[in-house]
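Lettering of chains follows the sequences in order, A, B, ..., and the numbering in each one begins at 1.
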Amino acid sequence: MSKDNAISVAPPRGMRDFLPSQVALRDWATAAILSTYKRFGFTRIETPVLENIASLRGGDGGENLQLIYEVLKRGEKLEKALSEGAAKDELADLGLRFDLTVPLVRYYSHNQSQLPNPLKSIQVGSVFRAESPQKGRFRQFTQCDIDIIGVKSELAEMELIQATSEALIALGFSNFKILINDRRLLSALALHCGFVQEKAALVFIALDKLEKIGLDGVSKELAGEALDPQATAKLIQVLTVLAAAKKSGQTSYVDLKAALPVLDEQAMSGLEKIISTVSEISKGRFSIEFDPTLVRGMGYYTGPIFEVKVPGYTSSVGGGGRYDNMVGKFSGRDVPACGFSIGFERVIDILTEKEFKPQTEERSIVLIVDPERDSGLAVLNAAQELRSGGNIVCIQPRKKDMKKQLDTLLAQGYSHFCVFRGQGSELEVKSLGG
RNA sequence: GCAGGUGUCGCCAAGUGGUUAAGGCCCUGGAUUGUGGUUCCGGUAUUCGCGGGUUCGAGUCCCGUCAUCUGCCCCA
């Protein structure tokens, strides 16, 4: 093949191939998460990877709307759109989902009559964002979501946090920290400071960076946004108290609460309930903490929001929150909902970094055969005989250098091998480790 | 969008200005061995992302370009 028309064999930017050992780890992690969630009564559902573009755009996905992979119309519809000089965003009629929440709400709205109420769903699936890829950040990645639709009380949040925590523990995590805040408090704060509603998002983004860029950084950032200077000053004043409280280690929510102009008693008492309950059930295995600077990116949150931090890792390994207005957008009837998503790729990254290897109990045998000599029937029968003992059996033609072949097989995780010596001869299984 | 790293056979990879560009994987030819965890010999890049330049001479230096990775921003 000439070089000019050689096709690149690398996967598209930001997307990955997985080797058998990587898939084994991912399968193990998925199984651990699923079995935990199932014990909480969550049931698995599935939705398509493609959605109508209108659903995705109407889903209030915040920044992610810019990152949708759009799928062009096809055939006559495309010709028509092109000939009519349609705008760019009228050329697509479908798009790849950028999260699992928007599709879930669409799914719920459509299948409501056949679904239990409340619905406790599990979703594991790929989502897509046309973003600039980086370490731990891809254009296709897996999300693991649990959602409760139809429960208004904080019991939903509590259960989501409990289930997620148990899942993380099942994955071998410990001492992680759950940060919690409430969108209503953030709105109240912005209002209290005197920001207009439309500028609230900018304020939130700056707030989110407090930990990273510090008070001065936030102050600078807000100054650059042409916001009401009086409101900014007031916000900085509040943040100063918060930052001081955080710095001095007074991170208990009571102290932070004292520093906040509490304008939403309902939100505050909800948080208190969640925090005290979760603290109780954590039995010291993990912690939960009020963080008034927690924001989260999605535009659709309406109430409590949360995120999981693992010590030693800067990015969060999970997040979620309440989105009570979303179902209404699709079905015209508001139904309370909230969800929690495990950052599956982050979990896998951390497990990989820890060189975690899932244990397999089964013996795995490679049956080495000579295709020149051995008949297919004899080989398949021999393999089946070995399988009947509960073993994993893989048939492989013998290679020239058997030592190397066996070393490779050992590295691939096989525990035993058996050289097939021809029909009728005894099957002698030997250990690969030597 | 800004900053840095990398780009050599299908894959991984040595090479840091001087004749014919290591090696491993994969593929493959053969010899050797008591039905097989032995040993050995071979075959696969007129060419180093692409385009220019410097030089007697460039994979190796410079400029541009593209691709990819990393950091910032933002997010799972």
Side-chain angles (χ1 to χ4, degrees), chain A residues 1-4 6-17 19 61-67 97-101 123-145 164 201-202 204-206 208-209 212-213 217 221 224 294-299 306-310 313-321 339-350 366-370 372-374 397-412 414 416-426 428-434:
Chain A
M1 191 189 287
S2 88
K3 203 161 195 168
D4 296 347
I7 297 164
S8 168
V9 294
R13 185 167 153 76
M15 303 189 179
R16 295 162 295 166
D17 293 329
L19 300 174
E63 287 288 303
N64 293 318
L65 296 186
Q66 313 303 316
L67 307 173
R97 60 188 182 194
F98 55 81
D99 76 358
L100 295 177
T101 305
Q123 295 187 88
V124 180
S126 283
V127 301
F128 304 82
R129 296 183 194 171
E131 209 169 2
S132 168
Q134 264 176 50
K135 192 184 179 70
R137 188 182 184 186
F138 308 98
R139 286 181 165 178
Q140 175 181 358
F141 58 97
T142 299
Q143 284 196 332
C144 272
D145 281 22
T164 302
L202 287 172
F204 294 166
I205 290 169
D208 198 23
K209 293 180 193 165
K212 226 181 246 176
I213 62 179
E221 184 135 341
L294 179 69
V295 175
R296 297 194 52 75
M298 297 300 184
F306 23 85
E307 214 163 274
V308 192
K309 296 269 190 221
V310 170
Y313 296 90
T314 49
S315 48
S316 71
V317 297
F340 206 147
S341 171
I342 285 186
F344 187 75
E345 305 299 345
R346 301 277 158 79
V347 166
I348 295 297
D349 275 356
I350 294 171
V366 182
L367 182 65
I368 297 174
V369 304
D370 181 349
E372 302 281 305
R373 181 198 62 200
D374 305 325
R398 64 176 296 240
K399 299 198 176 164
K400 203 158 110 174
D401 187 340
M402 185 172 281
K403 179 171 166 49
K404 201 204 285 176
Q405 182 175 14
L406 295 175
D407 286 347
T408 306
L409 291 168
L410 180 62
Q412 285 168 355
Y414 288 97
H416 293 79
F417 76 102
C418 171
V419 177
F420 187 60
R421 294 165 199 273
Q423 192 156 17
S425 56
E426 205 178 320
E428 190 186 354
V429 177
K430 297 184 192 174
S431 171
L432 267 169

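- Distance check on atom C1': B:C9 versus B:C69 gives 22 Å, rounded to whole Å.
- With rounding to whole Å, A:L67 atom CG is found 14 Å from B:G1 atom P.
- As a whole-Å value, the separation of A:L409 CG from B:C25 P is 14 Å.
- Under the Watson-Crick and G-U wobble criteria, each requiring two contacts below 3.5 Å, nucleotide B:G64 is paired to B:C50.
- Here A:F340 pairs with A:F306 under the ring pair (Phe, Tyr, Trp, His ring centres under 6.0 Å) rule; sequence neighbours left out.
- Nearest to the side-chain atoms of A:K399 among the listed nucleotides B:C75, B:G36, B:C26 stands B:C26.
- Atom-to-atom, CZ of A:R139 to C1' of B:C75 comes out at 14 Å; the value is rounded to the nearest Å.
- With A:S341 as the fixed residue, the side-chain hydrogen bond (donor to acceptor under 3.5 Å, both in side chains) test singles out one of A:T164, A:T101, A:D145, A:D99: A:D145.
- Residue contacts for A:F138: at a heavy-atom cut-off of 4.0 Å it reaches a base atom on one of the strands shown.
- Pair assignment for B:C2: B:G71, on the basis of Watson-Crick or G-U wobble contacts that are both within less than 3.5 Å.
- A straight line from CG of A:D349 to C1' of B:A76 spans 11 Å, rounded to a whole angstrom.
- For the pair A:F417 and A:K430, the minimum side-chain heavy-atom distance is below 4.5 Å.
- Minimum interatomic distance between A:R13 and A:R139 (heavy atoms only, all atoms of both residues): O-CD, 3.2 Å.
- Straight-line distance from the CD atom of A:E372 to the P atom of B:U28: 11 Å, rounded to whole Å.
- Using the Watson-Crick or G-U wobble rule with both distances under 3.5 Å, B:G10 pairs with B:C25.
- Of all the heavy atoms in A:C144 and A:V124, the pair that sits closest is SG-CG2, 3.8 Å.
- Side-chain atoms of A:R346 come within 3.5 Å of backbone N or O of A:G136 as a donor-acceptor pair.
- Comparing the C1' positions of B:A13 and B:G59 gives a spacing of 14 Å, expressed to the nearest Å.
- Atoms CD (A:E307) and P (B:A76) sit 7 Å apart, rounded to a whole Å.
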Taking N or O atoms only and anything under 3.5 Å, show me the protein contacts with nucleotides 38-41 of chain B, one pair per line.
from: B:U38; atom 1: OP1; to: A:K403; atom 2: N; distance (Å): 3.0

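- On the P atoms, B:G4 is 47 Å away from B:G42, given to the nearest whole Å.
- Going from atom CG of A:D407 over to atom P of B:C25 covers 11 Å, rounded to whole Å.
- Of all nucleotides listed (B:C11, B:G37, B:G36), B:C11 comes nearest to the side chain of A:V9.
- In this structure, the side chains of A:L67 and A:F98 stay at 4.5 Å or more apart for every pair of heavy atoms.
- Comparing B:U44 with B:U28, their C1' atoms sit 8 Å apart, to the nearest whole Å.
- Under the 3.5 Å distance criterion, the side-chain polar atoms of A:Q123 are matched with a main-chain donor or acceptor of A:L100.
- Residue contacts for A:F128: at a heavy-atom cut-off of 4.0 Å it reaches no nucleic acid atom on any strand shown.
- Straight-line distance between the C1' atoms of B:U47 and B:U19: roughly 16 Å, to the nearest whole Å.
- For the C1' atoms, the distance from B:C56 to B:C61 is 16 Å, rounded to whole Å.
- For the C1' atoms, the distance from B:G43 to B:A3 is 46 Å, rounded to whole Å.
- Heavy-atom nearest nucleotides on RNA chain B were determined for A:E345 and for A:K430, and the one closer to the 5' end corresponds to A:K430.
- In this structure, A:K399 and A:K404 have side chains that are not in contact, with every pair of non-hydrogen atoms separated by 4.5 Å or more.
- B:G37 atom P lies 18 Å from atom NE2 of A:H416, rounded to whole Å.
- For B:A76, the base is stacked against the aromatic ring of A:F141, per a cut-off of 5.5 Å between centres and 30° between planes.
- No contact: A:T408 has no heavy atom under 4.0 Å from any strand.
- When each of A:F417 and A:T142 is assigned the nucleotide of RNA chain B bearing its nearest heavy atom, the one mapping closer to the 5' terminus is A:F417.
- Taking 4.5 Å as the limit, some side-chain heavy atom of A:R129 sits within range of a side-chain heavy atom of A:F141.
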Could you go over nucleotides 68-71 of chain B and give all protein N or O partners under 3.5 Å, atom names and distances?
from: B:C69; atom 1: OP2; to: A:R13; atom 2: NH1; distance (Å): 2.8
from: B:U70; atom 1: OP1; to: A:K135; atom 2: N; distance (Å): 3.4
from: B:U70; atom 1: OP2; to: A:K135; atom 2: N; distance (Å): 3.4
from: B:G71; atom 1: OP2; to: A:K135; atom 2: N; distance (Å): 3.4

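- Counting any heavy atom pair closer than 4.0 Å across all strands shown, A:R373 reaches a base atom.
- Across all strands, A:Q405 comes closer than 4.0 Å to no nucleic acid atom at all (heavy-atom distances).
- Screening A:Q140, A:R137, A:R16 for a side-chain hydrogen bond (donor to acceptor under 3.5 Å, both in side chains) involving A:E345 leaves a single residue, A:R16.
- Rounded to whole Å, the P atom of B:A14 lies 15 Å from the corresponding atom of B:G23.
- Considering only heavy atoms from C-beta on, A:V429 comes within 4.5 Å of A:C418 through its side chain.
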